[in-house]
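For reference, the structure discussed in these notes is given below.
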Amino acid sequence: SSSSVVYISYSFIEPHFNERIYISKKKSLPDIMGNDTDLSMSEIGNLLYGKSENKSHRWNFSDSNWYSASNHKNLGASQKVWVSWFIILVFFFSYALLNLIILPLIFLLPAYLLFDVSIGMEWFLLFLCQFFIIPIILIFIYLDGSLYRTRDMLRASNLKRASILFLAIPVVVTIIDFILIYVYGFVYFGIFGEPSIDTNLGVTFNSSSIEILMIFLVIAVMAPITEELMFRGYILDSIQRIHGEKVAILISSILFGLIHIFGGWYVVGSTFIGGLIYAWIRTKTGSLIPCIVSHMMWNAFAVTVTYL
């Protein structure tokens with residue numbers, strides 16, 4: 001009977017699938033049914049999950065992103081294209097200045113003037129710089145995006161999904177990234193010659209364990225978190241809202257490459273390639289987790305092989 005179908009859907013089917021996309025019931029079945037036996041399944045679903053108070057409303061699956069991992073819309077501060085771009089660029093350059101110049105000066109300059117700063121202390125202060133940039137990025141997202149959406153992109157609903165997001169995808173992505181960077185390096189060296197990259201970070205394998213730990217915390221842990229929040233958490237979504245997925249992947253990756261300009265054009269190109277991969281993964285999985293973990297794996301590999 002129709003009552004049996006409603007009961008099975010309400011009690012077993014819908015909770016199973018909606019748990020995966022973080023949707024929770026807003027009302028109970030008796031509250032919305034009452035004596036009304038003419039409700040369709042779509043009307044019942046809308047009323048249960050607070051999609052509409054209008055019983056004639058129907059679910060709309062015409063949007064290709066209806067199955068997104070986040071139930072929160074990608075809404076910006078403005079619907080006007082030029083205003084949205086102005087906000088994106090202001091936040092991008094603010095992030096660049098704060099991350100590369102202002103915060104390092106705030107933390108490092110007084111230390112250099114007042115103390116005899118060791119390499120380990122210098123990297124600890126840079127760790128603090130990365131730590132304090134996170135709330136600033138979250139403010140950007142709050143003003144021109146959705147913190148709830150970002151929260152959803154940092155969740156794994158069950159153990160199976162967690163194993164895929166934290167391990168399976170990052171391992172495959174890192175292998176692909178390595179192959180593409182190898183090909184890119186071969187082409188770059190053939191055209192422009194071997195690039196001049198400053199690999200002296202003041203820390204080697206002969207340094208103290210504290211110094212090695214701090215450099216890994218900064219480069220292989222904190223930097224991936226802050227950069228993924230900024231470029232795949234904020235900028236990608238903001239551009240996608242205006243121009244769609246492909247343009248967002250391309251432009252966010254260009255900006256990601258340019259933020260590494262102090263490393264030289266070879267580094268800009270290699271980070272652009274990484275940005276393309278991470279942005280594509282973000283759009284296809286709806287999660288920041290594989291992007292962050294893949295970024296951590298790559299940076300840890302780079303620090304170990306190139307800098308130490």
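Within the 3.5 Å criterion, the main-chain N or O of A77 finds a donor-acceptor partner in the side chain of D144. With hydrogens and angles ignored, the 3.5 Å screen pairs a side-chain donor or acceptor of S253 with a backbone N or O of L276. Under a 3.5 Å cut-off, the side chain of T150 and the backbone N or O of S146 do form a donor-acceptor pair. One N or O on the side chain of S287 and one on the backbone of M153 form a donor-acceptor pair closer than 3.5 Å.
Pairs engaging residues 277-300 under the salt bridge (Lys or Arg N to Asp or Glu O under 4.0 Å) rule: D237-R282, E245-K284 [sequence neighbours left out]. Applying the ring pair (Phe, Tyr, Trp, His ring centres under 6.0 Å) test to pairs two or more places apart or on separate chains, those with a residue in residues 88-118 are F91-F140, F91-Y234, Y95-F231, F107-F132.
Hydrophobic clustering of Ile, Leu, Val, Met, Phe, Trp and Tyr side chains at less than 4.5 Å, counting indirect connections, unites I181 with V305. Residues L109 and F127 are members of separate hydrophobic clusters, defined by side-chain heavy-atom contacts under 4.5 angstrom among Ile, Leu, Val, Met, Phe, Trp and Tyr. When the side chains of ILVMFWY residues are joined at heavy-atom separations under 4.5 Å, either directly or via intervening members, L159 and V293 end up in two distinct hydrophobic clusters. Cluster membership for I179 and Y182, using ILVMFWY side-chain heavy atoms within less than 4.5 angstrom, is not shared. Under a hydrophobic clustering in which Ile, Leu, Val, Met, Phe, Trp and Tyr are joined whenever their side-chain heavy atoms come within less than 4.5 Å, directly or via other members, I101 and F131 fall into the same cluster.
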Requested in this report: Under the side chain to side chain contact (heavy atoms under 4.5 Å, CB included) rule, what do M297 and V171 come out as? Steps first, then yes or no, please.
Outcome: CA-CA 8 Å; M297 287 182 175; V171 168; 4.1 Å; yes
Query raised in the report: Could you go step by step and tell me if I169 and V172 meet the side chain to side chain contact (heavy atoms under 4.5 Å, CB included) rule?
Result: CA-CA 5 Å; I169 294 176; V172 174; 5.9 Å; no
Report task. Kindly indicate, with the supporting measurements, whether the criterion side chain to side chain contact (heavy atoms under 4.5 Å, CB included) is fulfilled by D177 and Y278. Result -> CA-CA 10 Å; D177 200 0; Y278 302 151; 3.4 Å; yes
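Looking at every heavy atom in both residues, M296 comes nearest to I225 through CE-CG1, 3.7 Å. E211 approaches I119 most closely through the heavy-atom pair OE2-CB, 3.9 Å. The shortest heavy-atom contact between V268 and G257 is CG2-O, 3.4 Å. Considering every non-hydrogen atom in both G275 and F256, the closest pair reads CA-CD2, 3.7 Å. Annotation for N299 and P224: closest pair ND2-CG, 3.8 Å, computed over non-hydrogen atoms. The heavy-atom pair separating I212 from S207 by the smallest distance is CD1-O, 3.8 Å.
Between R151 and L147, every side-chain heavy-atom pair lies at or beyond the 4.5 Å cut-off. In this structure, L229 and T226 have side chains that are not in contact, with every pair of non-hydrogen atoms separated by 4.5 Å or more. Looking at M214 and V203, their side chains never come closer than 4.5 Å, going by heavy atoms from C-beta outward. Here the side chains of I292 and L154 are in contact, with some heavy-atom distance below 4.5 Å. L126 has its side chain out of reach of I215: every pair of non-hydrogen atoms, C-beta onward, lies at least 4.5 Å apart. Side chains of L103 and Q130 form no contact here, defined as non-hydrogen atoms less than 4.5 Å apart. With contacts defined as side-chain heavy-atom distances shorter than 4.5 Å, the pair W123/I219 qualifies.
Around atom CH2 of W280, no more than 12 heavy atoms belonging to other residues, nucleotides or ligands sit under 6.0 Å away. In the displayed structure, Y142 atom OH is contacted under 6.0 Å by at most 12 heavy atoms of other residues, nucleotides or ligands.
The ring pair (Phe, Tyr, Trp, His ring centres under 6.0 Å) with Y266 is formed by just one residue from the set Y184, F192, F272; it is Y184. Considering V90, L89, V83 in turn, V83 is the only one that fulfils the side chain to side chain contact (heavy atoms under 4.5 Å, CB included) rule with I87.
One distance of note links CE of M230 with CD1 of I136; it measures 10.5 Å at 0.5 Å rounding. The line from CD1 of I239 to CG of L250 is 9.0 Å long, rounded to the nearest 0.5 Å. Here the NE2 atom belonging to H243 is positioned 11.0 Å from the OG atom belonging to S238, to the nearest 0.5 angstrom. Note that the CD1 atom of I281 and the SG atom of C291 stand 7.0 Å from one another [nearest 0.5 Å]. Between the CG atom of L165 and the CZ atom of R155 there is a distance of 13.5 Å, given to the nearest 0.5 Å. Taken from CD1 in I235 to CD1 in I88, the straight-line distance is 7.5 Å, to the nearest 0.5 Å.
Here F301 and F178 bring their ring centres to under 6.0 angstrom of each other.
No side-chain donor-acceptor contact under 3.5 Å links W265 and H260. Neither side chain, E227 nor N99, offers a donor N or O lying under 3.5 Å from an acceptor on the other.
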